[in-house]
Amino acid sequence: MQHPSEHAIRRYWRKIWDPMDMWLFYSMLAIYVMSLFLLYSADGQNIGQLENKTLHTIVGFVLLWCIARTRPQVLSNFAIVLYGVSLLMLVGVHFFGVIVNGSQRWLNLGIIRLQPSELMKIALPMTVAWYLQKHETELGWQHYLAALVLIAVPGFLILKQPDLGTAVLIMASGLFVIFFAGLPWRVIAVAMVGFFASLPLLWQYGMHDYQRTRVLTLLDPTKDPLGAGYHILQSMTAIGSGGVWGKGWLNGTQTHLDYIPESTTDFIFAVYGEEFGLIGNLLLLAVYTIMLGRGLYIAAKAPTLYSRTLAGALTMTLFCYVFVNMGMVSGILPVVGVPLPLVSYGGTATLSIMIIVAMLMGISNQQSKM
């Protein structure tokens with residue numbers, strides 16, 4: 001017979017873990033543990049960034065537990081407030097932002113340095129989903145147009161930093177909401193034709209010189225191997241030299257001879273590919289696939305328009321960040337400042353991804369209680 005105190009402990013632990021979606025939680029935990037080993041190697045076996053990432057992750061787990069226990073409809077009440085605050089902070093970046101490597105993307109708040117675009121990564125899909133649900137019974141072209149304005153304003157501010165990669169991905173998160181809300185395919189087709197038709201204008205007037213250089217470098221990085229092509233060539237060399245099984249943890253020559261730029265942030269996947277090889281890459285892709293598949297399943301089963309569109313958009317946003325980062329490091333996409341979710345070093349980026357996972361858990365938890 002079970003002792004009463006043992007039964008109480010079981011009930012207590014069940015209450016703690018009930019909000020957690022185990023597929024998402026264990027996938028995220030596996031990536032996090034792997035990232036600790038990888039960051040230690042990429043940072044020259046120093047523990048400074050390792051300690052900071054651990055602190056960020058502990059804070060993230062606290063937020064994850066709290067948000068996962070909160071009903072999505074409750075969080076939707078704060079969507080427009082979060083959007084407004086994020087928008088004001090993006091404006092603040094324009095006037096008071098910290099410049100790093102030629103880009104003005106951060107706000108120094110004293111105790112922390114915050115990247116407002118990471119907050120907008122969450123605020124934008126929440127706000128667009130909230131707005132479309134508010135007009136669910138009367139959705140028309142004017143509502144979709146208003147949603148596009150909500151998307152375009154922060155996108156323009158982030159483009160001014162300049163940060164083309166993040167701007168495109170954040171605007172895509174809002175467009176995913178519109179797509180999952182049931183935008184007609186003919187409208188999508190017309191929009192795609194319009195987008196491709198506008199590419200010459202975007203190339204001529206909408207891109208900075210360094211952004212055009214990155215696109216041209218993608219086509220032939222060997223034209224400037226010590227300049228614009230250096231990042232791509234070194235990362236491709238590192239991934240290729242890893243072979244099938246990799247060189248082993250702490251044994252990456254490209255990494256430890258400092259040939260890989262931004263090895264703890266944007267190009268950390270090159271470090272991973274060199275040390276763990278093709279097999280390691282496939283394992284990491286498998287874990288990401290589990291997370292993405294679970295997110296789409298949660299979206300498909302969501303009971304409300306808000307939950308369905310938000311879960312779908314958050315999942316596809318996560319997919320875009322994974323795909324773009326791995327694509328640029330592998331030389332199939334231009335180099336943009338996009339971190340690898342849960343792996344790259346960066347406090348705001350880590351917290352934003354964990355909040356995305358927490359919101360998916362909250363939607364999943366809502367389904368289980370219906």
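Computed over heavy atoms, backbone and side chain alike; hydrogens, waters and symmetry mates excluded.
Two residues are said to be in side-chain contact when any heavy atoms from C-beta on lie closer than 4.5 Å; Tyr40 and Leu250 meet this criterion. Counting heavy atoms from C-beta outward, Phe25 and Val357 have side chains that stay 4.5 Å or more apart. In this structure, Met34 and Tyr272 have side chains that are in contact, with non-hydrogen atoms separated by less than 4.5 Å. Under the 4.5 Å side-chain criterion, counting only non-hydrogen atoms from C-beta, Leu296 is in contact with Met316. Using a 4.5 Å heavy-atom threshold, the side chains of Thr315 and Leu360 count as touching. Using a 4.5 Å cut-off on side-chain heavy atoms (C-beta onward), Val177 and Leu132 make contact. By the 4.5 Å heavy-atom criterion applied to side chains, Leu55 and Glu51 are not counted as neighbours. Side-chain atoms of Val93 and Lys160, non-hydrogen and from C-beta on, never get closer than 4.5 Å to each other.
Residues Ser173 and Thr317 share a closest heavy-atom pair of CB-OG1, 3.1 Å. Ala238 and Ala270 make their closest contact through CB-O, 3.9 Å (heavy atoms, listed as atom of the first residue, atom of the second, distance). Minimum interatomic distance between Thr70 and Cys66 (heavy atoms only, all atoms of both residues): OG1-O, 2.9 Å. Listed here is the closest heavy atom pair of Leu150 and Tyr83: O-OH, 2.6 Å. The two atoms that bring Ala147 and Val128 nearest to each other are CB-CG1, 4.1 Å, heavy atoms only. Pairing each heavy atom of Pro154 with each of Leu124, the nearest pair is CG-CD1, 4.3 Å.
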Determine, step by step, whether Glu274 and Ile260 satisfy the side chain to side chain contact (heavy atoms under 4.5 Å, CB included) criterion, reporting the C-alpha distance in whole Å, the side-chain angles of both residues, the deciding distance to 0.1 Å, and the verdict.
CA-CA 11 Å; Glu274 182 180 28; Ile260 300 177; 4.2 Å; yes
Assess the residue pair Leu148 and Ile178 against the criterion (side chain to side chain contact (heavy atoms under 4.5 Å, CB included)); give the C-alpha distance rounded to whole Å, side-chain angles, the decisive distance to 0.1 Å, and a yes or no.
CA-CA 9 Å; Leu148 289 175; Ile178 297 176; 3.9 Å; yes
Test side chain to side chain contact (heavy atoms under 4.5 Å, CB included) applied to Met28 and Leu64, step by step
CA-CA 11 Å; Met28 182 178 60; Leu64 182 142; 3.3 Å; yes
Side chain to side chain contact (heavy atoms under 4.5 Å, CB included) between Met126 and Ile80, intermediate numbers included
CA-CA 8 Å; Met126 283 181 66; Ile80 194 67; over 6 Å; no
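Taken to the nearest 0.5 Å, the CD1 atom of Ile58 stands 12.5 Å off from the CG atom of Leu63. The distance from the OG atom of Ser35 to the CG atom of Leu342 is 7.5 Å, given to the nearest 0.5 Å. Considering NZ of Lys121 and CG of Leu169, their distance stands at 8.5 Å, rounded to 0.5 Å. Rounding to the nearest 0.5 angstrom, the gap separating the OG atom in Ser235 from the CG atom in Asp266 is 11.0 Å. Once rounded to the nearest 0.5 Å, the distance linking OG of Ser307 with CZ of Arg71 reads 9.0 Å. The distance from the CD1 atom of Ile122 to the OG atom of Ser352 is 5.5 Å, given to the nearest 0.5 Å.
For residues 329-355, the set of pairs meeting the ring-ring contact (aromatic ring centres under 6.0 Å, His included) definition, not counting sequence neighbours, is empty. Listed by first and then second residue, the ring-ring contact (aromatic ring centres under 6.0 Å, His included) pairs that reach into residues 302-337 are Phe319-Phe323, sequence neighbours excluded.
In this structure, Met359 is not a member of the same hydrophobic cluster as Val74, with clusters built from ILVMFWY side-chain heavy atoms closer than 4.5 Å. Note: the hydrophobic cluster containing Leu36 also contains Ile47 (ILVMFWY, side chain heavy atoms under 4.5 Å, direct or indirect links). Hydrophobic clustering of Ile, Leu, Val, Met, Phe, Trp and Tyr side chains at less than 4.5 Å, counting indirect connections, keeps Leu283 apart from Tyr26. Tracing side-chain contacts under 4.5 Å through hydrophobic residues (I, L, V, M, F, W, Y), one never reaches Phe269 starting from Trp245; they form parts of separate clusters. Clustering ILVMFWY residues whenever any of their side-chain heavy atoms sit less than 4.5 angstrom apart, transitively, puts Tyr297 in a cluster other than the one holding Trp23.
Using cut-offs of 30° and 60° for the angle between ring planes, the Phe176 and Phe180 rings count as tilted.
A side chain to side chain contact (heavy atoms under 4.5 Å, CB included) with Ser263 holds for exactly one of Ile268, Val271, Leu38; it is Val271.
For the ring-ring contact (aromatic ring centres under 6.0 Å, His included) test, residues two or more places apart in sequence or in another chain that qualify with Phe37 are Trp249. Residues satisfying the salt bridge (Lys or Arg N to Asp or Glu O under 4.0 Å) test with Glu275, not counting sequence neighbours, are none. Residues forming a salt bridge (Lys or Arg N to Asp or Glu O under 4.0 Å) with Lys53 (at least two apart in sequence, or on another chain): none. Residues satisfying the salt bridge (Lys or Arg N to Asp or Glu O under 4.0 Å) test with Arg308, not counting sequence neighbours, are none.
The closest side-chain donor-acceptor pair between Thr54 and Thr57, if any, does not fall under 3.5 angstrom. If you check the side chains of Thr237 and Gln254, you find no donor sitting under 3.5 Å from an acceptor.
Checking side-chain atoms of Asp21 against main-chain N and O of Ser364 turns up no donor-acceptor pair under 3.5 Å. Remark: side-chain polar atoms of Ser344 are paired, donor with acceptor, to backbone N or O of Thr265 under 3.5 angstrom. When atom types are taken as modelled, the side chain of Thr127 and the backbone of Ala79 share a donor-acceptor pair closer than 3.5 angstrom.
In the displayed structure, Leu278 atom CG is contacted under 6.0 Å by more than 12 heavy atoms of other residues, nucleotides or ligands. Applying the 6.0 Å contact sphere to OH of Tyr32 captures more than 12 heavy atoms from other residues, nucleotides or ligands. Summarising the local packing, OH of Tyr259 is surrounded by 12 or fewer heavy atoms from other residues, nucleotides or ligands at distances under 6.0 Å.
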